[in-house]
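When reading the values below, keep in mind they use all heavy atoms of this one structure, side chains included, and skip hydrogens, waters and symmetry mates. All residue numbers in this chain count up from 1 along the given sequence. Both ligands and their constituent atoms are indexed starting at 1 by order of listing.
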Amino acid sequence: KAVFQFDVGPLLEQVGARKESLNFMKKRIRMLAAQWASAARRLHDKLQKRRREQKRILVHVGFLTEESGDVFSPKVLKGGPLGEMVQWADILATLHVLGHSLKISVSLKELQQFLGAPPGRGSCPPTGPLPFDLIYTDYHGLKQMKQHMSLTLKKHKCHVRVIDTFGTEPAYNHETYATQNGYRTNWGYWNLNALQYMTMFPHTPDNSFMGFVVEEVNETERLSIQKNKVNNMAVVYGKDASMWKGKDKFLELLHHHMEIHGTVYYDSQRPPQVPAFVKNHGLLPQHELQQVLRKAKLFIGFGFPYEGPAPLEAIANGCIFLQPKFNPPHSSYNHDFFKGKPTSRVVASQHPYAEQFIGRPHVLTMDFGNWTTFNETIREIMELNVEPFVPHEFTCEGMLERVHAYIQNQVQCPGREPIGPGPLLFQSPFRLLPNSSTLSWALPGSAQPSWPPLTALRVLASAPNNSCVKTCQEAGLICEPAFFQYINVKEAFTALNLVCEGVELEMNHLLPAVPVEHKECHLQQDSLLFSCAGSSPKYTRLCPCRDYRRGQVALCGDCL
Ligand code: UDP
């Protein structure tokens with residue numbers, strides 16, 4: 001049984017101080033200790049005496065191992081990407097606070113030891129059963145596990161969770177399908193259940209949203225922030241001078257209205273390439289950055305980095321985040337950064353989460369091409385009064401709640417929910433209940449339990465050329481890939497008044513669907529290809545949607 005841990009002390013000891021990156025994580029865990037403890041108390045009360053199984057968990061941070069080059073640790077103090085470090089620190093804290101039994105590895109040697117490799121036998125595959133219920137790692141770690149567990153990785157795949165910042169869509173994850181259909185990248189093709197990939201933001205419902213935490217302000221801090229806001233103070237998003245390149249004109253315009261601050265890394269060999277009127281603080285420790293954000297009115301992005309934690313931290317400290325719209329949107333088809341990433345997602349602004357899930361008055365997204373509008377917007381921002389805000393899913397409680405639900409319910413190993421490629425032979429155990437515009441399904445007592453519960457399922461037909469992501473979104477719902485298996489049956493088409501003159505089984509990530517030009521219903525042959533993402537003018541797709549909690553998109557109303 002898992003027991004909530006209200007003290008992060010033992011975790012700090014376990015993390016150790018072997019690398020600069022681990023020091024950064026420890027500082028962060030310490031900074032958030034009080035918030036973790038009070039969030040744990042609230043979740044403890046919310047779940048009452050519900051039994052939670054204690055899991056044996058291995059966290060293997062692949063990108064921090066020497067063997068993968070560990071390019072991050074030396075950059076921690078020099079403006080390198082810190083978002084990943086933030087996320088891993090919060091994952092460790094979450095797993096610890098939830099009371100699971102944790103082992104942490106940042107080297108190949110530790111990985112081998114923990115997996116039970118016989119001592120002194122180098123990279124020989126471990127023998128015996130897997131000593132963990134869950135393994136959290138990243139793509140680097142996955143590669144290392146494949147090398148060192150060889151064949152046994154296949155057997156243990158269902159235990160793995162991959163922390164994958166930008167996400168992996170099913171079409172890219174399915175090795176054969178990706179290879180045959182032009183979706184092969186350097187990252188994908190692991191044949192996992194796509195829900196085993198866990199992203200930084202809720203990018204695509206095909207993956208699980210892991211997220212991270214943004215520190216909340218208390219009532220005293222909120223009052224002090226309001227009192228001390230400096231209406232003409234702006235901070236520029238971007239720790240590296242390269243992110244400011246070519247933006248001189250905007251900086252000049254902005255400087256007419258506001259004092260501009262930056263946190264660009266510099267040293268004697270690398271003076272910052274920012275205009276002289278910018279007050280550059282250099283890279284700051286997180287709590288000092290927070291103090292700067294508390295005073296600032298505006299946090300402005302110039303298009304890069306994409307989708308990091310900093311804009312949410314700025315909003316949490318009462319800043320307005322102003323960011324550019326991308327027209328045309330950036331994606332792996334047209335932009336170097338996304339090239340080779342296993343996703344077809346198109347990104348229409350620097351921080352789509354901020355745009356879509358938060359929006360006005362905290363977030364303004366605009367075309368930076370028109371200087372008159374830019375000037376007007378800056379003036380508007382200086383007059384707006386905005387409260388600090390953290391979406392619930394980015395609070396400690398929100399993250400604990402979500403990860404708790406995943407650990408107890410999601411992607412179970414064989415015996416419960418099958419994982420792995422193979423033909424699907426479905427005999428629908430479900431009876432349709434027509435329910436005005438949508439449909440719900442009733443689960444007879446004898447069938448297997450589902451998570452999310454099937455009562456949350458709403459089946460919709462997409463318009464041709466619409467993905468299920470969009471179809472569900474337009475109905476105020478979210479696509480739930482775990483439900484595809486229940487709608488991959490002829491009855492589902494019939495219930496939506498889609499006539500099937502025949503049924504075909506096929507491997508295609510857009511299925512189940514009806515081709516617009518035929519009357520045959522096409523069912524999905526391989527469960528690994530069920531995908532919310534993806535659209536074609538040739539298909540009307542069948543989409544499994546569900547409701548979600550306000551501020552916690554990963555969970556349906558009855559999911560906790
Ligand atoms: N950060 C920091 N000091 C600074 C600027 C940023 O500690 O001077 C932290 C910030 O608090 C955030 C993290 O760096 O949590 C990642 O920021 P960003 O959004 O820039 O994402 P990245 O591109 O680093 O992944």
Does [X] approach ligand 1 within less than 4.0 angstrom via side chain, backbone, both or neither, non-hydrogen atoms only?
X: Lys239; result: side chain
X: Pro305; result: side chain
X: Leu82; result: both
X: Val86; result: side chain
X: Gln290; result: neither

In the protein, what heavy atom is nearest to [atom], and what distance, to one decimal place, separates them?
atom: atom 1 (N) of ligand 1; value: Leu289 CD2, 3.7 Å
atom: atom 21 (O) of ligand 1; value: Pro309 CD, 3.3 Å
atom: atom 15 (O) of ligand 1; value: Glu313 OE2, 2.5 Å
atom: atom 25 (O) of ligand 1; value: Gly83 N, 2.9 Å

(message) Determine whether the interatomic SG-SG distance for Cys532 and Cys472 falls below 2.5 angstrom.
(response)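 Answer is no, sulfur atoms not closer than 2.5 Å.
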(message) I'd like to know if Tyr237 contacts ligand 1, where contact means a heavy-atom distance under 4.0 Å to any ligand atom.
(response)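 Under 4.0 Å: yes for Tyr237.
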Classify the ring geometry between [X] and [Y] as parallel (under 30°), tilted (30 to 60°) or perpendicular (over 60°).
X: Phe250; Y: Phe368; result: tilted
X: Tyr353; Y: His351; result: perpendicular
X: Phe326; Y: Tyr306; result: perpendicular
X: Trp187; Y: His140; result: perpendicular

Numbered atoms and elements of ligand 1 in range of [X], under 4.0 angstrom, heavy atoms:
X: Thr263; answer: 4 (C), 5 (C), 8 (O)
X: Leu284; answer: 2 (C), 3 (N), 4 (C), 7 (O), 8 (O)
X: Pro81; answer: 24 (O)
X: Gln286; answer: 7 (O), 9 (C), 10 (C), 11 (O), 12 (C), 15 (O)
X: Gly308; answer: 19 (O), 21 (O)

(message) Is it true that Gln112 and His148 share a donor-acceptor pair across their side chains at a distance under 3.5 Å?
(response)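 On atom types as modelled, these side chains qualify, holding a pair under 3.5 Å.
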(request) Decide side chain to side chain contact (heavy atoms under 4.5 Å, CB included) for Phe321 and Leu364; before the verdict, give the C-alpha distance in whole Å, the side-chain angles of both, and the deciding distance to 0.1 Å. (result) CA-CA 6 Å; Phe321 176 50; Leu364 305 188; over 6 Å; no
(message) Under 4.0 Å between a side-chain nitrogen and a carboxylate oxygen: does that hold for Glu110 and Arg18?
(response)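 Answer for the salt bridge query: yes.
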(message) Taking Glu20 first and then Lys75, would you say they form a salt bridge - that is, a charged N and a carboxylate O separated by under 4.0 Å?
(response)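 No.
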(message) Cation-pi check for Trp190 against Lys157: NZ or CZ below 6.0 Å from the six-membered ring centre and within 45 degrees of the axis, yes or no?
(response)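 No cation-pi geometry.
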